[in-house]
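First comes the structure, then the notes that go with it.
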Amino acid sequence: MTLCDRRGRPKISSIKNADTDGNAKRGGFLHVKSVRIRRQAYKSMDNTNIVARAVRAALKVPELHGKWTLATAWCDPMTYATSELEKKRRDIGRGDWGMEVDITEEQAEQKKKVNNRWNECINLDARTFLRAGYKQIMEVFGKGENPWLFALPEFLDAPLLSHEDAMGIHLRVWPTNLPPCPSGVDEKLFNAVTKALTSMSFHDVDNTKAIEHTVRSEDEMMARSISEFNQMEAKLASLEQDHEEALRELAEAETLNSTKRANMDKSRSQLARLRNEGRPEKDLNEFETSIQEAMALYDEMNSHLEVSRRAIEEKGRLIENTRSEFESYSSVGLMRKHANTTFEERCAERRNELLNKIRRSIEELKVEVRNLVNEGASVRRAYALHSSARFLNTELLDFFLGLVPPNERTSAINDLDENGMTPLICSVMKAPERINEADKYYNTVQHLLRLGSDRSIIDPHGRTALGQYRMSVCEINDYYRTFSIQQEETQEWASIHRRMEGALMPIGGETEADKDAKDRGDEPVSSDDDEDDWDDIMDDEYDMNEEDWLAYGEGL
């Protein structure tokens with residue numbers, strides 16, 4: 001939560017109400033991160049004397065005089081915790097037994113003692129700063145959060161409080177009377193619901209820009225695939241052509257070899273006839289030698305041809321298999337389909353795919369939930385209504401409500417969860433970020449109201465669903481301002497927020513916390529504000545000496 005706006009002006013009521021003279025917005029900001037004192041005898045006594053005096057003395061050193069107008073501190077248990085306690089708590093956090101469901105009574109008791117002592121150290125540190133003059137920022141507290149404190153320079157003019165008086169100050173802390181976290185089979189149901197809804201939330205079928213971006217990315221990948229496909233096809237065609245040429249050359253070589261074989265057969269017949277005619281043996285031997293040489297050459301050639309024949313046949317089979325795989329490759333069908341569809345058709349198809357995926361997830365979740373309910377799980381104790389409202393899923397909300405006995409449904413729709421929130425409050429924990437999301441949020445709120453949601457129930461901060469919605473809007477606006485992001489159509493957003501505020505307005509009117517949430521945004525800057533700020537700056541500068549003026553000039 002941001003304490004000040006972009007101009008350094010307090011946004012939190014606790015600070016604004018204390019800053020009666022408006023000086024907090026015109027000076028420096030100081031945050032005390034931690035306090036460490038070398039001699040730590042005070043730790044065993046749980047007395048805040050030493051640390052409180054050290055804090056007061058540190059804030060009032062002459063070097064800091066006039067340098068800050070708003071100071072804050074976040075309670076640090078390590079100021080009072082011993083190293084032994086820190087180690088025990090680390091062991092519990094890491095712990096082999098700390099995360100187990102089934103632990104011994106002795107281990108559970110030890111864990112309870114460690115956590116209780118840790119909380120005592122947090123409270124001691126809070127009282128230390130209260131003694132020194134700080135006050136609690138009442139709006140900033142939450143489950144598991146340490147108190148956050150603030151001080152203005154005039155707070156330090158009052159005498160230090162006594163240890164007893166400081167320990168008697170009431171700190172605003174998280175309520176302890178809220179419903180428990182789900183356990184056992186209820187925890188299984190809670191985890192199943194939140195896991196499924198979280199997964200479904202990644203498939204935003206209403207985000208047209210995101211779908212178009214995804215399809216464009218897929219189109220770019222498809223274009224690369226088509227290019228690679230065409231290159232591969234051209235290369236395969238070239239291989240087939242080379243193979244056909246090799247087959248022709250092989251056929252010619254085999255024809256030539258057959259001719260030579262036929263000639264050798266004629267020569268043998270001629271040799272046999274000459275022998276029968278009684279020709280001189282010398283002449284016949286020379287003729288026979290030439291026939292044998294030709295035969296050896298033929299055998300060698302025939303051997304080479306056989307090797308070439310097997311190689312060409314193997315290459316032919318390889319090309320044939322490659323062609324077959326190439327033609328049956330799944331992308332081929334996608335490419336042909338892609339070539340025959342428009343961008344708009346592909347976007348619509350993508351959205352339908354996401355819808356079908358969500359539909360399957362919902363049906364699978366319903367089966368799992370029914371099975372867990374049959375095992376004894378309760379959708380109320382598992383806060384299934386809160387989860388479905390948080391993710392704006394009215395279909396599952398109705399399904400879960402249908403598993404509640406009819407006489408309990410009005411109570412169930414207004415159940416508090418372990419954070420003190422109703423399903424209606426959960427539905428506005430995050431404000432719409434895009435204009436095309438606004439109807440989904442509004443329709444979910446209206447659906448919950450028709451089911452009997454009470455707009456007047458408050459959370460531990462004293463806010464109704466209206467105040468939570470305002471806080472959510474402020475958080476988004478703070479984010480946009482921090483990163484200088486331009487928001488779309490301001491006038492249309494104003495209409496959307498008016499519609500939501502009208503739907504969420506409690507019958508008895510807004511609470512003080514609701515009003516405070518509305519005032520969290522940046523206040524409009526007027527020319528009078530600028531003139532007042534400039535006058536204050538000039539008044540301060542007239543009191544500067546030459547050294548201060550030089551330092552101020554360097555700062556500018």
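The figures that follow rest on heavy atoms only: side chains count, while hydrogens, waters and symmetry mates do not.
- Salt-bridge formation is detected for the pair K366/E395: a Lys NZ or Arg NE/NH1/NH2 atom is positioned less than 4.0 Å from an Asp or Glu carboxylate oxygen.
- In this structure, D417 does not pair ionically with R390, as no charged nitrogen and carboxylate oxygen lie closer than 4.0 Å.
- Judged by distance alone, with hydrogens and angles left aside, the side-chain atoms of S290 form a donor-acceptor pair with the main-chain N or O of F287 at under 3.5 Å.
- Between R309 and E254, at least one side-chain N (NZ, or NE/NH1/NH2) sits under 4.0 Å from a carboxylate O, which counts as a salt bridge.
- Residues R248 and E252 are not paired through a salt bridge, judged by the lack of any N-O separation under 4.0 Å between the basic side chain and the carboxylate.
- With respect to E353 and K357, no salt bridge is recorded, no charged nitrogen being found less than 4.0 Å from a carboxylate O.
- Contact check on D91 versus K88 returns no salt bridge, with no Lys/Arg side-chain nitrogen under 4.0 Å from an Asp/Glu carboxylate oxygen.
- A salt bridge links R470 with E501: at least one charged nitrogen is closer than 4.0 Å to a carboxylate oxygen.
- Ion pairing of E86 with R89 is absent here, as no side-chain N (NZ or NE/NH1/NH2) approaches a carboxylate O to less than 4.0 Å.
- When the side chain to side chain contact (heavy atoms under 4.5 Å, CB included) test is applied to R455, the partners found at least two apart in sequence or on another chain are L424, L449, I507.
- There is a side-chain donor-acceptor pair under 3.5 Å between Y442 and Q446.
- Put simply, the residue from D186, V404, V185, V373 that forms a side-chain contact (heavy atoms from CB on, under 4.5 Å) with S378 is D186.
- A side-chain donor-acceptor contact under 3.5 Å links N414 to the backbone of G452.
- A salt bridge does not link E364 to R360: none of the charged side-chain nitrogens sits closer than 4.0 Å to a carboxylate oxygen.
- Counting only N and O atoms by type, the side chains of H447 and D398 include a donor and acceptor under 3.5 Å apart.
- D265 and R268 are joined by a salt bridge, as a carboxylate oxygen and a charged side-chain nitrogen come within less than 4.0 angstrom of each other.
- At least one donor-acceptor pair closer than 3.5 Å links the side chain of Y441 to the backbone N or O of K430.
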May I have the step-by-step check of salt bridge (charged side-chain N to carboxylate O under 4.0 Å, His left out) for E368 and K195, ending in yes or no?
CA-CA 12 Å; E368 186 175 4; K195 180 180 178 181; over 6 Å; no

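- Comment: D439 engages R499 in a salt bridge, judged by a side-chain N to carboxylate O separation of less than 4.0 angstrom.
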